[in-house]
Amino acid sequence: MRGDGGEPVAEGWVAPRGRAARGHLPRHVAGLFRFQPGRPAMAAGLRTALALGVPLAVSAMLGKPAASWAGMAGLFVALVDKGGPYRTRARAMGAMTVLGALVGFIVALPSPFWVDVALTLFWVTACGFARSFGDTPGIVGMLLANLFVVSLALPQRGLDAVLMQAAYFVAGGVWSMFLALVLWPLRPYRPARLAIAACYEELAEVSEAMAAWPMEGPSRVGTWEAVQRAARMRRTLETARATLGATRQGRQEESGRGEYLLVLLEDADALSLLFTAMSEALDEAPRQGACRTARMESQHALGALAVDLRGVVGALARGSVPVPSSWDAERVMRVLQAEGGPPEPARSQYAHVAGLLGRLREYSAVALDVAARLESGEPLPERDTKPLGLEPGRRRSGWKVLRDHLTPESVVFRHALRLGLTATVATALAEGLGLNHWYWVTITVIVVLQPYAGLTTEKGLQRVAGTFVGSVLAMGLVHVLPAQWMMLVAIVLLVCVSVSVRPLNFTVYQVLLAPALVLLAELQTGDWRLAGVRILNTLMGGVLALVGIRLLWPNPEHARFAEEVACVLKADQDYLREVARTPVPTEAALREARRKVGVALLSAEASFQRLLSEWKGPAKELEPGMALITYARRFTAAVTALAASRAWHPESNLEPVVRYATDALEELSAALVAHRVPTGLKREAPGLDGTDALARTQVTRLVRQLNVLHHAVERMPPALRASEDGATPVPA
């Protein structure tokens with residue numbers, strides 16, 4: 001499949017995404033059994049099991065069923081812990097402990113049925129707004145909503161019982177925090193080291209992949225694998241930036257390991273930019289005849305560079321001392337200077353490759369030097385170590401974040417209101433009908449309902465399937481585990497394994513967690529029929545969640561995808577203007593402009609993934625959307641290559657190119673936002689007078705990718721170009 005200019009459009013994407021052709025529901029069913037790559041989180045599973053199991057054991061030994069609230073607190077607080085900086089983890093777990101203890105007071109006094117319903121609407125909606133502040137606050141909000149519903153279902157008790165419940169909850173939360181933050185080794189910079197090590201591992205994979213590019217065959221730059229690799233690189237950099245920033249809060253004055261890690265993070269960001277330029281340069285450079293030797297030497301250097309970068313990974317993750325490889329860019333230059341070397345313009349292209357290799361060598365040498373000093377603590381040479389994104393006053397206040405989402409256009413606003421209303425209907429219906437353990441209906445709604453329709457369907461199927469299988473398993477365990485202590489052991493083991501596999505497969509997590517929760521409830525009530533009750537209540541809650549996402553402000557992904565891509569194209573405009581600015585901008589300014597494009601691309605790619613989960617049409621109609629993402633990223637790479645060459649040729653006049661490209665990107669962005677067909681590109685190509693052979697090659701590549709982007713927008717199917725109200729656009 002090829003676009004204008006003879007370049008492959010999203011090559012390789014149809015096979016991994018071809019499941020879209022199998023239908024809507026089968027695609028979600030297939031997702032139930034799809035495991036994510038990675039290892040089980042054994043440490044998290046063990047901590048969660050201890051956080052739940054020890055309080056349960058104490059409660060059983062003392063004969064105080066009310067003390068089991070400490071076990072619930074330990075479980076909930078452990079589920080909030082998503083790793084990362086200790087300061088961030090402590091803040092989230094502490095908030096869950098304090099707010100969870102206060103929930104019981106909200107429903108402590110006797111109240112009529114309509115008050116319960118009104119409280120559910122207010123509290124669950126407020127918890128839904130917690131997503132405004134990020135993933136971890138969103139999890140805290142969901143757990144607090146669940147805890148509120150459980151507390152609401154408890155029999156009315158006096159103030160003494162509520163105070164005791166709060167005390168047990170605080171005790172369980174403190175115990176869980178002790179396990180996670182104190183008993184386990186406390187190494188404040190360990191999360192940041194691992195996050196930065198992930199950046200260098202991604203860089204090593206990029207270098208290794210380019211070193212293995214074949215001499216024959218199609219380009220490897222435009223494949224879906226390359227697009228995913230670039231997206232992973234940006235995600236790891238953003239994760240490392242956030243992790244190091246949170247770790248260094250309150251430590252701005254120190255000059256220890258935080259400074260070492262900051263230099264390594266800056267280095268990784270600069271290396272990612274150079275690798276982007278290198279991939280474009282190698283892809284454009286010829287590979288046959290007199291160029292073959294230069295190409296082989298270049299790829300050999302990239303292979304050695306990958307070894308160096310993995311040495312940095314070892315220093316960060318394991319504390320080893322890296323040993324630099326003996327490679328440089330001079331071998332490529334000697335090939336170019338030898339008699340019978342490549343002719344122009346290939347000579348200029350490979351000279352540019354050699355220059356990029358030289359800069360990669362400089363940055364990798366800095367990374368190796370700093371990594372070798374991590375354990376010894378030797379002082380660093382004089383370098384610019386200004387923190388990235390940590391300047392005072394740049395953090396937004398919580399009220400401003402919340403205020404930004406208090407608008408009907410916000411996805412968080414719509415989700416919070418939808419969640420509150422649907423949970424209220426579930427509470428009114430289940431409690432009004434007098435269902436046994438009615439709160440399981442509302443909890444299912446809270447867990448299943450997501451901001452996006454496709455995710456809600458997938459999460460609903462996962463929870464229903466997991467609950468059904470898990471509850472059947474619980475029925476069997478009731479008969480084979482007659483003693484209470486055996487059930488306690490089974491509950492702890494099930495929680496341990498379920499939390500361990502949660503990052504890999506949510507359905508397996510549900511299958512293992514459901515019998516643990518059913519057995520826990522049965523221990524408290526003595527009712528051995530609760531497994532069947534849980535299945536029926538879960539089915540009812542899942543149906544209500546699906547009805548809610550369909551009827552209350554449906555927000556289909558096709559209505560947002562085009563606008564997300566438009567944001568990418570606008571960021572590309574700003575990046576190109578920054579590159580062409582006179583005088584030549586600093587590397588820090590270029591990295592920041594490119595970072596904004598990268599973040600916008602991640603958002604567009606996430607939108608496309610959600611679109612896949614909702615898509616009901618043929619898979620081939622998604623190809624233009626995939627081409628837009630792929631070539632928006634390739635356009636960014638072409639601008640990056642132009643920025644790298646401009647460092648050696650600052651006199652190049654890029655104004656005609658910038659004018660042509662920004663006009664084209666502006667029209668494409670406007671067409672996507674207005675859901676219309678774009679007008680044709682200008683026929684005249686930008687003037688290239690006075691530029692060298694390398695610049696002409698790079699500009700030609702940039703213009704060619706603009707043509708592919710324009711062609712992709714023209715081919716967008718009506719279902720992707722339709723506005724949210726369903727109106728189909730007409731050509732401009």
Side-chain angles (χ1 to χ4, degrees), residues 40-105 136-137 139-148 150-151 154 160-188 190-191 484-500 502 509 512-513 516-517 519-521 523-524:
M42 297 302 298
L46 182 57
R47 284 199 299 267
T48 306
L50 290 174
L52 171 67
V54 171
L56 287 182
V58 172
S59 173
M61 288 187 296
L62 297 179
K64 293 185 176 181
S68 61
W69 273 96
M72 179 181 289
L75 175 63
F76 277 26
V77 173
L79 292 176
V80 168
D81 182 16
K82 294 300 178 184
Y86 286 89
R87 179 188 298 269
T88 304
R89 295 168 63 194
R91 187 182 295 127
M93 298 174 80
M96 183 67 221
T97 300
V98 174
L99 294 174
L102 294 176
V103 165
F105 290 96
T136 299
I139 294 172
V140 173
M142 185 190 72
L143 292 175
L144 286 174
N146 287 336
L147 187 61
F148 170 83
V150 173
S151 300
L154 293 174
D160 291 343
V162 174
L163 287 173
M164 188 59 65
Q165 173 185 313
Y168 282 135
F169 198 94
V170 170
V174 171
W175 163 242
S176 185
M177 293 177 68
F178 175 77
L179 285 173
L181 303 175
V182 179
L183 190 60
W184 255 250
L186 183 61
R187 290 179 286 178
R190 178 68 174 170
Q484 185 181 28
W485 69 269
M486 293 182 180
M487 288 196 180
L488 286 175
V489 171
I491 290 169
V492 172
L493 289 176
L494 287 168
V495 168
C496 178
V497 179
S498 66
V499 173
S500 299
R502 182 179 182 177
Y509 163 74
L512 297 174
L513 187 63
L517 296 179
L519 290 175
L520 189 59
L523 283 175
Q524 302 297 324

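Everything numeric in this text was worked out from a predicted model, so none of it was measured. Note that the numbering runs from 1 along the sequence shown for the chain.
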Could you tell me whether a side-chain N or O of S176 sits under 3.5 Å from a main-chain N or O of G172, the two making a donor and an acceptor?
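It does not hold such a pair.
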For the [atom1] atom of [X] and the [atom2] atom of [Y], what is their distance to the nearest 0.5 Å?
X    : Y    : atom1 : atom2 : result
D81  : L181 : CG    : CG    : 6.5 Å
S151 : N146 : OG    : CG    : 10.5 Å
S59  : W69  : OG    : CH2   : 12.5 Å
L102 : L99  : CG    : CG    : 6.0 Å

side-chain contact (heavy atoms from CB on, under 4.5 Å) against L79, all qualifying residues, sequence neighbours excluded
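Applying side-chain contact (heavy atoms from CB on, under 4.5 Å) to L79 gives L75, L143, V499, R502, Y509.
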Taking only residues two or more places apart in sequence, or in another chain, which ones meet L163 in a side-chain contact (heavy atoms from CB on, under 4.5 Å)?
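For L163 the side-chain contact (heavy atoms from CB on, under 4.5 Å) partners, ignoring immediate neighbours, are F105, L159.
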Among L493, L52, L56, which one satisfies side-chain contact (heavy atoms from CB on, under 4.5 Å) with L488?
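Filter result, single survivor: L56.
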Would you name the heavy atoms of [X] and [Y] that are closest together and state the gap between them?
X    : Y    : result
L179 : A51  : CD1-N, 3.5 Å
M93  : V80  : N-CG1, 4.1 Å
G53  : V492 : CA-CG2, 3.4 Å
F169 : M96  : CE2-O, 3.7 Å
L144 : G100 : CD2-N, 3.7 Å
A73  : G173 : CB-N, 3.8 Å

Within the 4.5 Å heavy-atom criterion, are R91 and T136 side-chain neighbours or not?
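The answer is no; the side chains never approach within 4.5 Å.
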